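In what follows, a structure is listed as structure tokens, so that the remarks can point back to it.
Here the structure is a predicted model, which means the values were calculated and not measured. One-based numbering, in listed order, for ligands and for the atoms of each.
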Amino acid sequence: MKNILITGGAGFIGANFVRYLLKAEPEARIYNLDALTYAGSLENLHDLPDPARHSFIQGDICDAELVGRLMTEHAIDTVIHFAAESHVDRSIHGPGAFVQTNVIGTFTLLEAARAAWAGEPSGRRFHHVSTDEVFGSLAPNDPAFIESTPYDPRSPYSASKAASDHLVRAYYHTYGLPVSITNCSNNYGPFQFPEKLIPLMVLNATLGKPLPIYGDGKQIRDWLYVEDHCEAIYLVVKNGKVGETYNVGGGNQPYNIDLVREICSILDELRPDGAPHTRLMTHVPDRPGHDRRYDMDITKIRAELGWVPRHDIESGLRATVEWYLENQDWVKSVLGDEGYTAWLEKNYAKR
Ligand code: NAD
Ligand code: TYD
């Protein structure tokens with residue numbers, strides 16, 4: 001790992017990963033390609049450790065000329081691909097962007113790596129960051145997803161990620177491209193855009209706004225603190241086997257409604273003037289095609305690479321709530337954005 005192309009490194013997980021990698025790999029140079037969509041921000045990249053080893057390039061992963069040039073000009077040996085449209089609710093309102101970025105964008109990157117590495121896989125790696133949502137929805141007593149669980153995506157988001165996973169594997173089998181994939185459960189932590197459940201609830205609660213619970217709130221996600229995800233990706237890129245997929249999950253599986261209650265109770269302690277924040281919880285009509293439950297079996301990554309999550313949900317959630325309370329400049333820049341207000345209006349006003 002010398003010259004690393006990170007895509008989507010101004011987004012939530014990508015920005016956390018850039019920080020992680022600058023510390024973990026003291027010699028590496030990072031080229032961070034990000035289109036700065038609504039979900040990406042340079043504010044996520046302030047105060048990097050050793051910023052001189054990080055170069056930001058604003059651009060689209062679907063731009064074949066740009067991506068090809070970056071691969072050769074910087075002698076890229078490692079691609080770690082985060083860039084995506086990532087929000088299920090937005091994929092319901094506008095699936096086109098998901099097919100474009102997640103499918104065509106991944107294809108464009110694969111082609112650029114294939115051309116630049118010209119059948120010489122040694123010392124190279126194309127790592128694709130994917131999601132547990134490709135496996136579909138579990139019933140209450142179903143066993144957790146393993147790497148060979150058949151794909152059964154049910155939202156435009158998960159279908160587009162499934163398509164990208166298939167393309168990545170096809171490039172391994174057909175062209176010998178040295179790929180690896182991680183499929184990870186729901187992340188939370190600093191810099192997550194407040195369209196996703198946890199930051200949305202924290203910010204709405206601090207503003208005294210309703211906390212919208214979809215349906216009965218008995219859906220289950222397998223929550224993982226973002227730093228643990230970064231460590232898993234790093235270990236897979238360094239020591240994981242080429243051509244393999246690794247499931248990554250947090251082992252924390254509360255009902256959504258209980259998770260929101262826990263956020264409220266942390267806020268009651270840290271912001272007692274708004275207590276009890278549970279009074280803001282409001283049931284709203286369910287998300288169409290809402291997956292009921294996800295659960296990741298992490299036996300493979302634990303056995304092969306010794307990875308287990310370091311954070312439990314109690315400590316991770318508290319650290320996350322504190323981060324949003326302490327980083328008011330970041331919060332204000334998001335809340336002040338017209339696009340964000342328009343999204344809240346579109347997704348919640350007529351629910
Ligand atoms: P995010 O939405 O916060 O960030 C995505 C980033 O990609 C943004 O910075 C955006 O500007 C950039 N981007 C979007 N389209 C682009 C394009 N066409 N060209 C270049 N850049 C573009 O997403 P995230 O939550 O950080 O997720 C990162 C990756 O991890 C995604 O591939 C996602 O599917 C996967 N993942 C996310 C989670 C989660 O809980 N957030 C869980 C598992 C896997
Ligand atoms: P989200 O953070 O959007 O992630 P994903 O859909 O990828 O799992 O949602 C997490 C869970 O929270 C999911 O079951 C939907 C639910 N949810 C709500 O109940 N209300 C909301 O306002 C949001 C955004 C999500």
Using heavy-atom distances, let me know which of N44, N102, N187 sits nearest atom 39 (C) of ligand 1.
N187
How far apart are the closest heavy atoms of L325 and Q328, and which atoms are they?
O-NE2, 3.3 Å
Below 6.0 angstrom between ring centroids: does that apply to H87 and F193?
no
Do me a favour and list the nearest non-hydrogen protein atom to atom 3 (O) of ligand 1 with residue, atom name and distance?
F12 N, 3.1 Å
Contact atoms of ligand 1, heavy-atom distance to K161 under 4.0 Å:
31 (C), 32 (O), 33 (C), 34 (O)
Only heavy atoms count here, so choose which of D63, I13, N186 is nearest to atom 24 (P) of ligand 1.
I13
Location of contacts on L200 toward ligand 2, heavy atoms closer than 4.0 Å
side chain
Purely on distance, is any nitrogen or oxygen of M201 under 3.5 Å from one on ligand 2?
no
Counting both backbone and side chain atoms, is some N or O of H290 under 3.5 Å from an N or O of ligand 2?
yes
Can R292 and D216 be counted as an ion pair, charged N to O under 4.0 angstrom?
yes
Based purely on interatomic distance, does D89 place a nitrogen or oxygen under 3.5 Å from a nitrogen or oxygen of ligand 2?
no
S185 to ligand 1, any heavy atom closer than 4.0 Å:
yes
Please confirm whether K196 comes within less than 3.5 Å of ligand 2 when only nitrogen or oxygen atoms on both sides are compared.
no
Can you tell whether the side chains of K241 and E304 come within less than 4.0 Å, N to carboxylate O?
yes
Regarding R351 and the six-membered ring of Y214, is the cationic atom NZ or CZ under 6.0 Å from the ring centre and inside 45° of its axis?
yes
Output the list of atoms in ligand 1 that are nearer than 4.0 Å to some heavy atom of G40, sorted by atom number.
8 (C), 9 (O), 11 (O)
In the protein, what heavy atom is nearest to atom 30 (O) of ligand 1, and what distance, to one decimal place, separates them?
V129 CG1, 3.5 Å
Ring centre gap for W330 and H46 strictly below 6.0 Å:
no
Within the structure, is a non-hydrogen atom of S130 found at a distance of less than 4.0 Å from ligand 1?
yes
Do ligand 2 and N186 have nitrogen or oxygen atoms that lie under 3.5 Å from each other?
yes
Identify the closest protein heavy atom to atom 20 (C) of ligand 1: which residue and atom is it, and at what distance?
A35 N, 3.2 Å
I'd like to know if Y157 contacts ligand 2, where contact means a heavy-atom distance under 4.0 Å to any ligand atom.
no
Contact between ligand 1 and F191 is defined here as a heavy atom of the residue under 4.0 Å from a ligand atom; is it met?
no
Of G14, S86, G8, A84, the one whose closest heavy atom lies nearest atom 5 (C) of ligand 1 is A84
Consider every N or O of Y294 and every N or O of ligand 2, then say whether any pair is closer than 3.5 Å.
no
I need the atoms of ligand 1 closer than 4.0 Å to a non-hydrogen atom of Y157, numbered in the order shown.
33 (C), 34 (O)
Consider ligand 1: state whether an atom of it lies below 4.0 angstrom from any non-hydrogen atom of C62.
no
Quick check for you: to the nearest 0.5 Å, what is the distance between T7 atom OG1 and I57 atom CD1?
11.0 Å
Counting both backbone and side chain atoms, is some N or O of I213 under 3.5 Å from an N or O of ligand 2?
no
Run through R19, R310, K23, K238 and flag the one making a salt bridge (charged side-chain N to carboxylate O under 4.0 Å, His left out) with E231.
R310
Show your working on side chain to side chain contact (heavy atoms under 4.5 Å, CB included) between D142 and R293 and close with a plain yes or no.
CA-CA 9 Å; D142 285 346; R293 173 177 163 243; 4.2 Å; yes
G59 near ligand 1, heavy-atom distance under 4.0 Å?
yes
Does F193 come within less than 4.0 Å of ligand 1, judged by its heavy atoms?
no
Nitrogen or oxygen of D291 less than 3.5 angstrom from that of ligand 2
no
Can you find an N or O of R221 that's nearer than 3.5 Å to an N or O of ligand 2?
yes
Looking only at heavy atoms of L36, does any of them come nearer than 4.0 Å to an atom of ligand 1?
yes
V88, portion touching ligand 2 at heavy-atom distance under 4.0 Å:
side chain
Could you find the nearest protein heavy atom to atom 31 (C) of ligand 1 and give me its residue, atom name and distance?
F82 O, 3.1 Å
